[in-house]
Number of protein chains: 2
Amino acid sequence: MWIIQPENRRYLSGFKAGDGQLHESSGSLFITVDQTLLLTDSRYTIQAQEEAVGFEVITHKEGAVNSLPEIFDRLNTRRLGFEGGYLVWDLYEEARQRTSNHSPSVELIPLSGVVEGMREIKEPEEVELIRKSAQLIGDVLAQVIEELRPGQVEKDVAWRIETLIHEKHADGVAFPLIVASGPNSALPHAIPTDGIITEGEPIIFDVGARVDGYCSDMTRTIFLGKPSSYFREIYHIVREAQVSALGSIRPGIKSAEADSIARDIIKKAGFGDFFGHSLGHGIGLAPHERPAVGPLKPEVLEEGMVFTVEPGVYIPGNGGVRLEEMVILEKDGVRVLTTNENFYSF
Amino acid sequence: MWIIQPENRRYLSGFKAGDGQLHESSGSLFITVDQTLLLTDSRYTIQAQEEAVGFEVITHKEGAVNSLPEIFDRLNTRRLGFEGGYLVWDLYEEARQRTSNHSPSVELIPLSGVVEGMREIKEPEEVELIRKSAQLIGDVLAQVIEELRPGQVEKDVAWRIETLIHEKHADGVAFPLIVASGPNSALPHAIPTDGIITEGEPIIFDVGARVDGYCSDMTRTIFLGKPSSYFREIYHIVREAQVSALGSIRPGIKSAEADSIARDIIKKAGFGDFFGHSLGHGIGLAPHERPAVGPLKPEVLEEGMVFTVEPGVYIPGNGGVRLEEMVILEKDGVRVLTTNENFYSF
């Protein structure tokens, strides 16, 4: 199998280099039952040799695709699996020409999602890093919430979080941070604005760090001063939906069923139309990865999977409430990895 | 034509949303001679309506590919161009099934690099933003170089640059910043380390900001205290190669020829083996875009193109020198967009 997707490459080899842009690959893996090659260029040869233990590092000069014939000869294979969810059409076509011109000819076989599937169940070393990442972001958010005052600007608060993430020696943020107050909190994918944080309105923090490659992701909704009874009610419903899902998910449950535990509570309370996204998503080397925890792309949730549980209710033009924990699924149910702090009990 | 690449989408429509991950598209454009559609989901409907002037915004619920039949009916087309350099194989296959099942059947046609080619020649509004971005990063770097003292740590200096970029209200960094001192400066794609900056060694800063989407990119090599005569010589050669290229590039020159103006000087000085990368690259909405300014992917450089001129010499285990300016090609030659400060004249 030919591996080019950066997280898959790192997962299988330990080679940590990312890609500059989609067309600036730092390397390819070629894996057979008995051989493991890492093909890269001279910029990354040393790093690859140090990090990719057990891989033979080959340095190309003319691009990965041009090296395919040499690789085929070495591997003595007639079938090459590729990542259909990552290889772009142009590169596929180039590879196809190289493989069909090769003697003996080589067949290209899409193996989409194979490594992504392997990544779902976390190894103990991965859980340790995810735990560190979750702890770090929990500490950062607790500090920022403590410092939060009316009059602060969303963008500045987001930058404060980024600064603290840096000061705690994380790799950086796991995704663009969300600090969204008032009507902006009604957008599930809000971008921090110049908006001023005021008393009484919901303020959503959706934040995550990356620690040695592994992502964290947590969300709290905060009020400065007293929220309206309307938002207290919404908060209560969202939290109830979350707690209920956290308490009910067991290994073997279908992702759609997990989602509906929380969704049914929100629906019964009359807010079903205002919970537009899935309950959660897998997380690890990528901020969003398998398993999808929602009605689409059904999967069975299994022991060792790490994912988020994040119901939300969003009232357009008014505001929203989202609460998100990261969990690992264990034998008896989920264990929360993020801090259990900064929840209200209205 | 079906457009999904985020910079191409923004360039043609004004819709600024990025994509979360490769598989988290914020929207597709469909452009015919007389129709312009923007297909997105409910998270982005309002933003698309505001930003994509002249586009009809259509909100889908089941994914872009599932909406293709509806789009074909609306557009009344039998041929659909797609971005072969961006569409992944799985999505292409899904689209192909939808298009061949459609009645009348629709033919998928790879149009790789078409929009990227349009983006090469910058519009006046783009040049204005690129100029702002270049000015901003020049100011930031001048300040950091002035503050630079022996004993500082590469990572901290990189963070200081990032902080100043933020304080000057840029969108953020254009790419992972490089601050590389001593042996680390011999790596063209160095990552800032915990290494301490000391006197006499080369310190490479390769930095860029993003201003309203547009990237800047510049490199200076600095010495605290007196460099060795060896590195003074290398610096002199690299600067001579750069100045020579800057003075000779004219509209109509081939990119390989532009590259060889600088490369020949470095070769003649005996350092040809230590200049492993191209002379430069186009820059705009993406930090690296067309034209490639080097021996590969030949192109003719034309008036209105914006690109970098960045020769370098890297002595493994010892250190390197790289100097990079951003330029726009005008009728009579290149105009430098970055500051002309912080060069030595040994």
Side-chain angles (χ1 to χ4, degrees), chain A residues 5-7 16-18 20-24 26 41-44 46-47 61-63 82-96 108 110 112-113 116 155-156 158-159 162-163 166-167 169 172-173 175-176 187-191 194 276-277 281 286-289 296 314 316, chain B residues 5-7 16-18 20-24 26 41-44 46-47 61-63 82-96 108 110 112-113 116 155-156 158-159 162-163 166-167 169 172 175-176 187-191 194 276-277 281 286-289 296 314 316-317:
Chain A
Q5 203 279 340
E7 285 93 21
K16 293 182 181 176
Q21 295 176 205
L22 186 60
H23 296 98
E24 298 177 357
S26 67
D41 62 76
S42 61
R43 296 173 300 168
Y44 296 102
I46 294 170
Q47 183 180 353
K61 286 192 168 171
E62 305 283 337
F82 69 94
E83 296 163 295
Y86 197 78
L87 190 69
V88 300
W89 189 87
D90 282 357
L91 211 53
Y92 168 79
E93 275 299 306
E94 279 184 56
R96 199 180 55 75
L108 279 174
S112 304
E116 286 80 357
K155 272 185 181 170
D156 294 342
W159 180 252
E162 199 161 335
T163 302
H166 169 80
E167 287 177 358
H169 309 291
V173 299
F175 50 84
L187 305 172
H189 287 78
I191 292 167
D194 292 318
H277 57 72
H281 55 83
H288 292 176
E289 57 183 49
L296 306 168
Y314 311 92
Chain B
Q5 203 279 340
E7 285 93 20
K16 293 181 181 178
Q21 295 175 206
L22 185 61
H23 295 100
E24 297 177 358
S26 67
D41 62 77
S42 62
R43 296 172 300 166
Y44 296 102
I46 293 169
Q47 183 181 353
K61 286 193 169 172
E62 306 282 334
F82 69 95
E83 296 163 295
Y86 196 78
L87 190 69
V88 299
W89 189 87
D90 281 356
L91 211 53
Y92 168 80
E93 275 300 305
E94 279 184 57
R96 198 181 55 75
L108 278 174
S112 304
E116 286 80 357
K155 272 184 181 170
D156 295 341
W159 180 252
E162 199 162 334
T163 302
H166 169 80
E167 286 177 359
H169 308 291
F175 51 84
L187 305 173
H189 288 79
I191 292 167
D194 291 319
H277 57 73
H281 55 82
H288 293 175
E289 57 182 49
L296 305 168
Y314 310 92

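Chain letters run A, B, ... following the sequence lines, proteins first, then strands; residues in each count from 1.
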Engaged part of [X] at the chain B interface, taking heavy atoms whose separation is under 4.5 Å:
{"X": "Tyr92(A)", "answer": "side chain"}
{"X": "Leu187(A)", "answer": "neither"}
{"X": "His166(A)", "answer": "side chain"}
{"X": "Phe82(A)", "answer": "side chain"}

Closest non-hydrogen atom pair, His288(B) against Glu24(A):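 That closest heavy-atom pairing would be ND1-OE2, 2.6 Å.
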Which residues share a side chain to side chain donor-acceptor pair (under 3.5 Å) with Trp159(A), sequence neighbours left out: Thr163(A)
Side chain to side chain donor-acceptor pair (under 3.5 Å) partners for Ser26(A), two or more places apart: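 With neighbours one apart ignored, the set is Arg9(A), Asp19(A).
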Heavy-atom distances under 4.5 Å only: say whether [X] touches chain A with side chain, backbone, both or neither.
{"X": "Pro176(B)", "result": "neither"}
{"X": "His23(B)", "result": "side chain"}
{"X": "His189(B)", "result": "side chain"}

Any Glu162(A) side-chain heavy atom under 4.5 Å of Glu162(B) side chain: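 The answer is yes; the side chains approach within 4.5 Å.
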Top contributor to chain B contacts, counting heavy-atom pairs under 4.5 Å, from Ile191(A), Leu91(A), Asp90(A): Asp90(A)
Residues, nucleotides or ligands: over 12 heavy atoms within 6.0 Å of Glu167(B) CD: yes
From NE2 (His277(A)) to CG (Asp41(B)), nearest 0.5 Å: 12.5 Å
